[in-house]
Structure formats: structure tokens, C-alpha cells
**Q** 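Okay, handing you the structure first.
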Amino acid sequence: MSDEKQTQISTVLVTGATGRVGRHVVDGLRAAGVSVRALVRTPERAALPPDVELIQGDIYDPGAVRRAAAGVDAAFLLWPAYSADGAEAILAELPRRVVYLSSLNAPAGGVWGDVEELLREAGKDWTALRPGGFAVNAQGWAGDFRSGDVVRLPYPKAGRSLIHERDIAAVAVLTLLDDRHVGQAHELTGPEVLTQAEQVETIARAVGKEMRIEELSDEQARQAMLDQGADPALAESAVTYWAKLVDEPEPVTTTVAELTGRPALTFADWAREHADEFRILSTAEVASRYVDALSAGRVAEALAFTAPDYVRIAPLETNGEEVALQGDAILENAQRLSAGIEYEGIQVFGPLLHDDHFAIRFTFDERNRTTGHRSQTIKLSLCTVKTGQITREEVFYYTQPHL
């Protein structure tokens, strides 16, 4: 197909834009000069680039998908359910051109195969991306790495050809923008097979730490997944699949290299990029990276350095009361403070380190959207770090915050 016959893609809807693959799809499309619209449940948490148009809504809501898809040329589809129930109504609202994140197991049926069939029946100009195991799922071992020297997993000899999430996204972007991939299913894997034991060894080398493996029984593995909130059917199928991979490892394809013109990224590449997630960072490392992320407006990246039980105390924001804010309350408070305010710039001084604490001074240049009045707010944040995560932030203002 010649370039003259190519469909011109100027705006793409990305579902799952805040996820492991979706964020890279967004970045790749923007780098290609394509406008991006994202369907997100909670826009205030999305932490996507400011030029990404955010549409609030749920992928299971046809009305929300209709609003998000209005006027776009193509869509990247992530269907997150464990069945295709309800997918037909959603597909009807998507544009004609759809790239679907499927699975290497789609030919065997299940939700991935079902959604692919629905796309064909809907008459879409579809492309199916069928990746094998995601390298990023190895993040599930990060807790074991940080807390000790034992990784607990089933079937250490199960062989997988794990693919880097950036490679999936790279193929997604080029297939969204090139009509030659319409009607094709691309099987995507990493460039080699590694057993689960070899994956642990690879991460351990990247982290600089010796680890040993404790093998879980089938029942223990299922229960561990259920404890993490997995669907029971997924837990059952995952354990069965790992058992199969001991004697029948996942295949290796060369599709990534053929389509992108460069070698597929290895699991060792992934492990080096993600090594910090598997070790306890020093207070200095946490402080530096937290400040860098905030200074650049990468809020989601900054929040990744906070502990699950992280609390924020700022009496001047809560009518003088020393209220400990956690979880959604922190975001709701931030929305209240920034309502009607446009931030023209931010200056950061710090971090200043002392033992397991660090301090940062922020100066916000602000403009009232209604009156146009400009002002400054200066605050000092004192953060406490334990086991590589920020557990507490106390906020002191030099100038009164906007309430």
C-alpha cells in the first residue's frame, strides 16, 4: 500500500492510558505528532502530559466511550475484564480503526479470542497485538526482594519469553498509524526464553543482591494470587499455565524486530531499568527522585515513592486542625486547594537531608483563572522516610494557602 493511500491519523483514543503499556503508547503517539485522547476513571490521578485530552469515564460504559471516541481516527483498546460480556456494545462506539491488546493465547479462545471475534463481526479495521508474558509482571516479586533474600513462586523451571512493555507499545503505535497492519494478528514476545528461576537471577544481578527461591505448591500459588485480589478463574488458569511451561516453554517470535527495525528488548534490559523497584532506596535517593518528579510535574511518579500508609499533615489546609490525610483524601484536598488556580511555575529548593528526613521548599507562582490576579504561595514540606518509602509529610506555609 502506498503512502498516498494511507489513512491519515491525527487523533487517537487510548484506553488503559494510565497503565503499564498505555503510558508508553501515549508517549509514542505524541512523539509521532499525533494528538491523544484518553478515557480515564479519575482524571486527577492520571498524571498524563498536559496536552493529552482527558475524558472521564469507564471502559464498561458505552456512553462514556461514545464521548471519548467522538471525532477520533483510531483507538487503542485494552479490555480489562476476564470475559467479553458487554464488549460488543463498547466496540460499537469505537472508531472504525482499532488496535486491540490481545494475548498470545487468543487462538485458544477465552476473553482475548472472544474480543477479537467481536471486532471482526463489528466490521472494524482491526489489528490484534498478541503478546506473551509481560516482563513488568515480575514486579510482583519486588516485595520479596526488598524484605529479604527469598522469592516465593510456583514452578521455577517454567520457561517464558517475556516482552518489555515498551516493545508492545512501539508495535501498537506503528500499527495504529499504518494501514498495512489492518486485519493482521501480530504475535509478540521477548527475544529469549528464561525460566522463572533465571528471571529472578537476572533481577538479582541488576540489583546486586543474592536471592534464593522457595517453591510454592499449586494451592499456595493460587491463594497468593487471591490474596492480591486476582479473579479466581485467573488464579486457577495461571497456575495451570505455569505447570505447562515447564515442559512446553513459551515460543520466541521475531515480530518486534521485524516491525520496529531494532532488536527486541531483553529481560535483562527490563531488569536494569526497573532495578530500583526491587531494592530499598536510601533517604537521599528517595528525596532526589521525589523532588525531580514533582519539579517536572510527574505526580504519579512522585507518589510511587510514598508508602501505602503514607499520611500528610497540613494544619493550615484543614482549618488549623492536625488532621492526617491518606489515600483519596489527599487528592481531594489537592483539588480543593487548586480549584480556580492556574500554576504558572514552581521553584524548588532542596532537598535538605537529615537522617531519615528531608525537607523541600516550594514556591508556587499562581494565577486566579477568574480575576487574573497573580500571587505566590511558599510552603515547606518535611518528609519522613522508612525502608525506602515516604511515610509521612508535614506541611508548613510561609504564605497562606488558597482555601
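Heads up: numbering here begins at 1 and tracks the sequence. Please read all numbers here as calculations on a predicted model, not as lab measurements. FYI, side chains are in, hydrogens and waters are out, and symmetry mates aren't considered; it's all heavy atoms of this structure.
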**Q** Do any pairs count as a side-chain hydrogen bond (donor to acceptor under 3.5 Å, both in side chains) and have a residue in residues 84-99, sequence neighbours left out, and if so which ones?
**A**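 Qualifying pairs: Arg66-Glu93, Ser83-Asp85, Arg96-Asp125, Arg97-Thr127.
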**Q** CG/Asp61 to CZ/Arg67 distance, rounded to the nearest 0.5 angstrom?
**A**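 If I round to the nearest 0.5 Å, the distance is 6.5 Å.
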**Q** Atom CZ in Phe145, atom CD in Gln139: separation rounded to 0.5 Å?
**A**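 Reported to 0.5 Å precision, the distance equals 12.5 Å.
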**Q** If I take atom CG from residue Leu39 and atom CD1 from residue Ile59, how far apart are they, to the nearest 0.5 angstrom?
**A**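 Result: 5.5 Å between the selected atoms.
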**Q** Assess the side chains of Asn368 and Arg374: does a donor N or O sit below 3.5 Å from an acceptor N or O?
**A**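 Side-chain D/A pair, Asn368 to Arg374: absent.
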**Q** Please name the pair of heavy atoms, one in Ala284 and one in Leu353, separated by the smallest distance, quoted to 0.1 Å.
**A**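 In this case the closest contact between Ala284 and Leu353 is CB-CD1, 3.6 Å.
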**Q** Salt bridge check: are Glu273 and Arg166 linked by an N-O gap of less than 4.0 Å?
**A**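 The answer is yes: the pair qualifies as a salt bridge.
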**Q** Grab the two heavy atoms, one from Asp27 and one from Pro49, that are nearest each other, plus how far apart they are.
**A**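 Closest approach of Asp27 to Pro49, heavy atoms only: OD1-CG, 4.5 Å.
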**Q** Flag the pair Arg160 and Glu250 as a salt bridge only when some basic side-chain nitrogen lies within less than 4.0 angstrom of an acidic carboxylate oxygen.
**A**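 So Arg160 pairs with Glu250 through a salt bridge.
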**Q** Any side-chain to backbone donor/acceptor pair from Gln347 onto Thr363? Under 3.5 Å, distance only.
**A**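 Flag not set: sc Gln347 to bb Thr363 has no pair under 3.5 Å.
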**Q** For the backbone of Asp356 and the side chain of Lys386, can you confirm whether one donor and one acceptor N or O come within less than 3.5 Å of each other?
**A**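 No.
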**Q** List the steps and the verdict of side chain to side chain contact (heavy atoms under 4.5 Å, CB included) for Val200 and Ile213.
**A** CA-CA 8 Å; Val200 171; Ile213 291 175; 4.2 Å; yes
**Q** Looking at Trp242, I'd like to know if its CH2 atom is crowded, meaning that more than 12 non-hydrogen atoms belonging to other residues, nucleotides or ligands lie closer than 6.0 Å.
**A**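 For Trp242, atom CH2 is crowded (more than 12 foreign heavy atoms under 6.0 Å).
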**Q** Return yes if some donor-acceptor pair links the side-chain N/O of Glu248 with the main-chain N/O of Leu245 below 3.5 Å, else return no.
**A**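 No, because the side chain of Glu248 does not come within donor-acceptor range (under 3.5 Å) of the backbone of Leu245.
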**Q** Looking only at side-chain N and O atoms, does Gln184 offer a donor or acceptor that is under 3.5 Å from a partner on His181?
**A**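 No, because no side-chain N or O of His181 sits under 3.5 Å from a partner of the opposite role on Gln184.
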**Q** For the residue pair Ser10 and Asp73, confirm or rule out a side-chain donor-acceptor distance under 3.5 Å.
**A**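 A donor-acceptor contact under 3.5 Å links the two side chains.
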**Q** Quick one, Leu101 with Arg130, criterion side chain to side chain contact (heavy atoms under 4.5 Å, CB included). Give me CA distance, side-chain angles, the key distance, then yes/no.
**A** CA-CA 7 Å; Leu101 183 58; Arg130 295 176 176 174; over 6 Å; no
**Q** Taking atom CD as the centre, does Glu121 end up with more than 12 heavy-atom neighbours from other residues, nucleotides or ligands that are less than 6.0 angstrom away?
**A**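 Yes.
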**Q** Counting N and O atoms only, with roles assigned by atom type, does the side chain of Glu198 sit under 3.5 Å from a partner on the main chain of Thr195, one being a donor and the other an acceptor?
**A**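 The answer is yes, because a donor-acceptor pair under 3.5 Å joins these two groups.
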**Q** Restricting to side-chain contact (heavy atoms from CB on, under 4.5 Å), what partner residues turn up for Leu104, sequence neighbours left out?
**A**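 Listed in chain order: Glu187, Thr189, Pro251.
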**Q** Between Tyr100 and Glu116, do the side chains contain an N or O donor and an N or O acceptor separated by less than 3.5 Å?
**A**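 Tyr100 vs Glu116: no donor-acceptor pair found between side chains.
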**Q** Report the distance from atom CZ of Phe396 to atom CD of Glu394, rounding to the nearest 0.5 Å.
**A**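 Between atom CZ of Phe396 and atom CD of Glu394 there are 4.5 Å.
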**Q** Please check if the side chain of Thr240 supplies one atom and the backbone of Glu236 the other of a donor-acceptor pair under 3.5 Å.
**A**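 Pair found, side chain donor or acceptor close to backbone of Glu236.
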**Q** Counting N and O atoms only, with roles assigned by atom type, does the side chain of Thr254 sit under 3.5 Å from a partner on the main chain of Ala257, one being a donor and the other an acceptor?
**A**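 Such a contact is absent between Thr254 side chain and Ala257 backbone.
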**Q** Determine, stepwise, if the pair Arg272 / Asp269 fulfils salt bridge (charged side-chain N to carboxylate O under 4.0 Å, His left out).
**A** CA-CA 5 Å; Arg272 285 189 292 270; Asp269 293 327; 2.6 Å; yes
**Q** Between Thr377 and Glu366, is any side-chain donor less than 3.5 angstrom from a side-chain acceptor?
**A**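 The answer is yes; a qualifying pair exists.
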**Q** Has the side chain of Gln196 got a donor or acceptor atom that lies under 3.5 Å from a matching backbone atom of Pro154?
**A**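 Yes; at least one donor-acceptor contact below 3.5 Å.
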**Q** Quick check against the 3.5 Å criterion: does Ser288 have a side-chain atom that pairs as donor or acceptor with the backbone of Glu285?
**A**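 Looks like no, no N/O pair under 3.5 Å.
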**Q** Say whether, by atom type as modelled, one donor and one acceptor occur between the side chain of Asp179 and the main chain of Thr7 under 3.5 angstrom.
**A**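 Side chain of Asp179 to backbone of Thr7: a pair is present.
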**Q** If the condition is side chain to side chain donor-acceptor pair (under 3.5 Å), which residues does Arg120 pass it with, not counting sequence neighbours?
**A**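 Listed in chain order: Glu117.
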**Q** Minimum heavy-atom separation for Pro315 to Val395, with atom names?
**A**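 Scanning both residues, the minimum pair turns out to be CD-O, 4.1 Å.
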**Q** Atom CD in Gln220, atom CD in Gln223: separation rounded to 0.5 Å?
**A**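 Reported to 0.5 Å precision, the distance equals 10.0 Å.
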**Q** Who are the side chain to side chain donor-acceptor pair (under 3.5 Å) partners of Glu53, not counting sequence neighbours?
**A**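 Only Arg37 meet the side chain to side chain donor-acceptor pair (under 3.5 Å) criterion with Glu53.
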**Q** Taking C-beta and beyond as the side chain, do Ile313 and Glu393 meet within less than 4.5 Å on heavy atoms?
**A**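 In short, these two side chains do not touch, never coming nearer than 4.5 Å.
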**Q** Given Leu77 and Leu91, is the side chain to side chain contact (heavy atoms under 4.5 Å, CB included) satisfied, shown in steps?
**A** CA-CA 9 Å; Leu77 173 63; Leu91 299 185; 3.5 Å; yes
**Q** Would you list the pairs meeting ring pair (Phe, Tyr, Trp, His ring centres under 6.0 Å) in which at least one residue belongs to residues 30-84, sequence neighbours left out?
**A**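 Checked against ring pair (Phe, Tyr, Trp, His ring centres under 6.0 Å) - neighbours excluded - the pairs reaching residues 30-84 are Tyr60-Trp79.
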**Q** Could you tell me which non-hydrogen atom of Ile280 sits nearest to which non-hydrogen atom of Gly388, and how far apart they are?
**A**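 Smallest heavy-atom distance, with atoms named: CG2-N, 3.5 Å.
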**Q** Where do Ala84 and Val115 come nearest, in terms of heavy atoms and distance?
**A**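 Smallest interatomic distance, heavy atoms only, reads CB-CG2, 4.0 Å.
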**Q** Would you say that Trp270 contacts His274 through its side chain, given a criterion of any heavy-atom pair below 4.5 Å between the two side chains?
**A**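 Yes, close enough: below the 4.5 Å cut-off.
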**Q** Check Gly148 against Lys209 and note the closest heavy-atom contact, atom names and distance.
**A**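 Heavy-atom minimum between the residues: O-NZ, 2.5 Å.
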**Q** Stepwise, does the salt bridge (charged side-chain N to carboxylate O under 4.0 Å, His left out) test hold for Asp167 with Arg262?
**A** CA-CA 10 Å; Asp167 278 345; Arg262 59 162 176 79; 2.7 Å; yes
**Q** Apply side chain to side chain contact (heavy atoms under 4.5 Å, CB included) to the pair Val52 and Arg30, showing each step before the final yes or no.
**A** CA-CA 9 Å; Val52 175; Arg30 292 173 64 246; 3.9 Å; yes
**Q** Apply salt bridge (charged side-chain N to carboxylate O under 4.0 Å, His left out) to Arg212 and Glu214, showing your working.
**A** CA-CA 7 Å; Arg212 58 189 178 88; Glu214 180 180 297; 5.1 Å; no
**Q** Which distance, rounded to the nearest 0.5 Å, do you find between the CD of Glu192 and the CZ of Phe267?
**A**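 One finds 9.5 Å between CD of Glu192 and CZ of Phe267.
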**Q** Taking Arg23 for the side chain and Thr18 for the main chain, is one N or O donor matched with an acceptor at less than 3.5 Å?
**A**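 Side chain of Arg23 to backbone of Thr18: a pair is present.
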**Q** Is there any side-chain hydrogen bond (donor to acceptor under 3.5 Å, both in side chains) pair reaching into residues 142-159, and which pairs are they, with sequence neighbours excluded?
**A**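 Output for this query lists Tyr155-Asp218.
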